[in-house]
Amino acid sequence: MDRRQFNIGLASVMLASLAKPVLAQIQSRSGRMVLFNSVGSSLTRWDVDVASATLTKRATIPVSSVVQYGWPHPSNKYLYVSSTDSERGSQTISGGAHFLTAFRLGADGTLSPHGQPQILRQRPIHNSVDQSGRFVLACYNAPPHLTVHRIKEDGTLGSAIDQPPNLELGIFCHQIQATPSNHSVLMVTRGNNPSAQKPKGEPGALKLFRFNDDDGKLSPLQSVGGGQSGDGYGPRHVDFHPSKPWVYVLVELQNQLHMHRMLGEGIEPAPAFKRSVTQFPPEAGIVQVAGAIHVHPRGHVVYASNRVSATTVPVGAFPFKGGENNIAVFAIDPVTGEPTPIQFVDPRGFHIRTFAIDPSGKLLIAASLAAMSVKEGGETRIVPAGLSVFRISDDGRLDFVRRYEVELGAGVQQMWVRAMTLPA
């Protein structure tokens, strides 16, 4: 690629991404704020009062199976939710209730099924909507797979669009979304940690595909191994800067934050910056992994969650035995994009798999996956699952305000949360 092509690509990325903070500002003024969270096979709506930093629980509706992820349409009139009855951790296709479902949002935030759910062949692990609002992208971890579904003019879902057979899908697909230009799609493949059977583990990668946003077709573009051979690289999630050609990658298995510069429709193979996402090296015997990542709508900070993994138990709380369980705040240099840690915050809950920033950029809501048990002074204290509310200060630091307990049934977890503005 010559310099002229690079500049054209860079300009297209910047122009497309510049619209994102403007859209967030318009949305924050035009409607009420709501939060949706999932507990097992149900979705709950909470009204959000940004000024008082409070949540008010409203309606809960059932979903066909356990919710994995959800993503709103750019108009905020529809919400697209993926769900499954597959056993978590399964490395093969299991279960038989895998769906991608469209919901219509009422003026008060009421969710109602919209059209027929699309039946999927296996567990979906993530879904998103492209920048144009015309397609839903979904990815699947075992075996690796992706689908693109057309969104019809009325917001309902069409069937999956046939894709070419030469797409390299990597190992353990974990996130998929369109880049800011909408001319390419980035899929994060996590790989797997070393094991007795595979001492080197299995390599993860960032898989990029050209995206035809007229017909929904993908084609091979680029595979990035984090500036490494692939072994020892396990990315989980990414987020794009709202106005600069930068993408921030949370590397789950190595507990790192990487920043790559975008290069046309792809990205520079080697990260420009690498930072530890934890304060201290992982403790021996503790499964320390990174979780979710979000860049603030203003683009001045990026947030990442640190969590201690544990074996799922059918009844009771996870045992917390040590390690870092926090939200890391990194200031972003406005010229270089370099992330610098400025705060590590106790989320008052265990295993923050997911968190949300309200579109106005004033609140962060962290969702704990499950309850935890903590030993203190010879006694065991149970910390229930919940939603922790933080105010976001001007410099991006977090101030804890309050916490709402979330009741979980046996073997049920809080998998997903999203804040959004209702359509005016």
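The shortest distance between side-chain heavy atoms of F36 and M420 falls below 4.5 Å. Using a 4.5 Å cut-off on side-chain heavy atoms (C-beta onward), F280 and T278 make no contact. Side chains of R418 and W71 form a contact here, defined as non-hydrogen atoms less than 4.5 Å apart. Two residues are said to be in side-chain contact when any heavy atoms from C-beta on lie closer than 4.5 Å; L363 and I392 fail this criterion. Side-chain contact between L206 and V188 is present, with heavy atoms from C-beta onward closer than 4.5 Å. Contact of the N306 side chain with the N325 side chain is not registered, since no non-hydrogen atoms from C-beta on lie closer than 4.5 Å. Counting only heavy atoms from C-beta outward, the side chains of L364 and Y303 approach each other to under 4.5 Å. Considering only heavy atoms from C-beta on, P143 comes within 4.5 Å of I93 through its side chain.
Legend: residues meeting salt bridge (Lys or Arg N to Asp or Glu O under 4.0 Å) with R403, ordered by chain and number and at least two apart, are absent. Every residue two or more places apart in sequence or in another chain that forms a side chain to side chain donor-acceptor pair (under 3.5 Å) with R236 is listed here: H174, E252. Judged as a side chain to side chain donor-acceptor pair (under 3.5 Å), and not counting sequence neighbours, the contacts of T156 are D154. Every side chain to side chain donor-acceptor pair (under 3.5 Å) that E338 has, sequence neighbours left out, goes to R275. Under the salt bridge (Lys or Arg N to Asp or Glu O under 4.0 Å) criterion, D47 pairs with R32, R45, R58, not counting sequence neighbours.
Heavy atoms only, all atoms of each residue included: H73 and S75 are closest at ND1-OG, 2.8 Å. Of all heavy-atom pairs spanning V417 and A367, the tightest one is CG1-CB, 4.0 Å. Heavy-atom minimum distance, P242 versus P297: CG-O, 3.3 Å. Closest of all the heavy-atom pairs between T421 and P359 is OG1-CG, 3.5 Å. P269 approaches Q222 most closely through the heavy-atom pair CG-NE2, 4.1 Å. Counting all heavy atoms, side chain and backbone alike, P271 lies closest to K274 at CG-CE, 3.5 Å.
A donor-acceptor pair under 3.5 Å is formed between the side chain of Y248 and the backbone N or O of G337. With N127 contributing its side chain and V81 its backbone, the two residues share no donor-acceptor pair below 3.5 Å. With hydrogens and angles ignored, the 3.5 Å screen pairs a side-chain donor or acceptor of Q288 with a backbone N or O of E324. Within the 3.5 Å criterion, the main-chain N or O of V277 finds no donor-acceptor partner in the side chain of Q256. In this structure, the side chain of S373 does not engage the main chain of T380 through any donor-acceptor pair within 3.5 Å. In this structure, the side chain of S393 engages the main chain of R397 through a donor-acceptor pair within 3.5 Å. Although no hydrogens or angles enter the test, the distance criterion places a donor-acceptor pair under 3.5 Å between the side chain of D239 and the main chain of V295. Put simply, the side chain of S368 never gets that close to the backbone of H351: no donor and acceptor are under 3.5 Å apart. A donor-acceptor pair under 3.5 Å is formed between the side chain of Q343 and the backbone N or O of L398. Without hydrogens or angle criteria, E376 side chain to R381 main chain gives no donor-acceptor distance under 3.5 Å.
Under the 6.0 Å distance and 45° angle rule, R104 does not count as a cation-pi partner of Y78. A cation-pi geometry, defined here as NZ or CZ lying under 6.0 Å from the six-membered ring centre and within 45° of its normal, does not hold between R307 and F350.
Within a 6.0 Å radius of CD in Q279, more than 12 heavy atoms belonging to other residues, nucleotides or ligands are found. Environment of CD in E379: sparse, with no more than 12 heavy atoms of neighbouring residues, nucleotides or ligands closer than 6.0 Å.
Here the straight-line distance linking atom CD1 of I357 with atom CZ of F390 works out to 12.0 Å at 0.5 Å rounding. Taking CG of D85 as the start and CZ of R123 as the end, the distance is 11.0 Å to the nearest 0.5 Å. Here I267 contributes atom CD1 and F240 contributes atom CZ; the two are 8.0 Å apart, rounded to the nearest 0.5 Å. Residue M33 holds its CE atom at 4.5 Å from CG of D358, rounded to the nearest 0.5 Å. Between the CG atom of L55 and the CG atom of D49 there is a distance of 9.5 Å, given to the nearest 0.5 Å. Interatomic distance, CG of N182 versus CZ of R134, reported as 7.5 Å (0.5 Å rounding).
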Run K198 and E202 through salt bridge (charged side-chain N to carboxylate O under 4.0 Å, His left out) and show every step you take. CA-CA 7 Å; K198 298 181 179 180; E202 295 178 290; 2.7 Å; yes
Run H126 and Y69 through ring-ring contact (aromatic ring centres under 6.0 Å, His included) and show every step you take. CA-CA 6 Å; H126 184 268; Y69 216 84; 4.3 Å; yes
Steps toward side-chain contact (heavy atoms from CB on, under 4.5 Å) verdict (L169, T189): CA-CA 8 Å; L169 301 180; T189 65; over 6 Å; no
Where do F209 and I176 land on the side-chain contact (heavy atoms from CB on, under 4.5 Å) test, with the steps shown first? CA-CA 11 Å; F209 309 98; I176 185 169; 5.7 Å; no
Go through the steps for L157 and H149 under the test side-chain contact (heavy atoms from CB on, under 4.5 Å), then give the verdict. CA-CA 7 Å; L157 287 165; H149 293 257; 4.3 Å; yes
Given ring-ring contact (aromatic ring centres under 6.0 Å, His included), test H237 with H294 step by step and report yes or no. CA-CA 9 Å; H237 273 191; H294 292 291; 8.0 Å; no
Test side-chain contact (heavy atoms from CB on, under 4.5 Å) on L369 and I352 and set out the steps. CA-CA 6 Å; L369 180 76; I352 304 300; over 6 Å; no
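For F135 and F211, the ring centers sit closer than 6.0 Å to each other.
The salt bridge (Lys or Arg N to Asp or Glu O under 4.0 Å) pairs that include a residue from residues 276-286 number zero, where partners must be two or more places apart or lie in different chains.
Between the side chains of S86 and T84, no donor N or O sits under 3.5 Å from an acceptor N or O. Donor-acceptor pairing under 3.5 Å is recorded for the side chains of T147 and Y140. Between the side chains of S223 and K207, at least one donor N or O sits under 3.5 Å from an acceptor N or O. At a cut-off of 3.5 Å, with distance as the only test, a side-chain donor of T179 or S184 sits close to an acceptor on the other residue. S181 and H183 are not linked by any side-chain donor-acceptor pair at a separation below 3.5 angstrom, with hydrogens and angles left out of the test. Side chains of N37 and W416: a donor-acceptor N/O pair is absent below 3.5 angstrom, by distance only.
A salt bridge is defined here as a Lys NZ or Arg NE, NH1 or NH2 lying under 4.0 Å from an Asp or Glu carboxylate O, and E265 with R210 fails to meet this definition.
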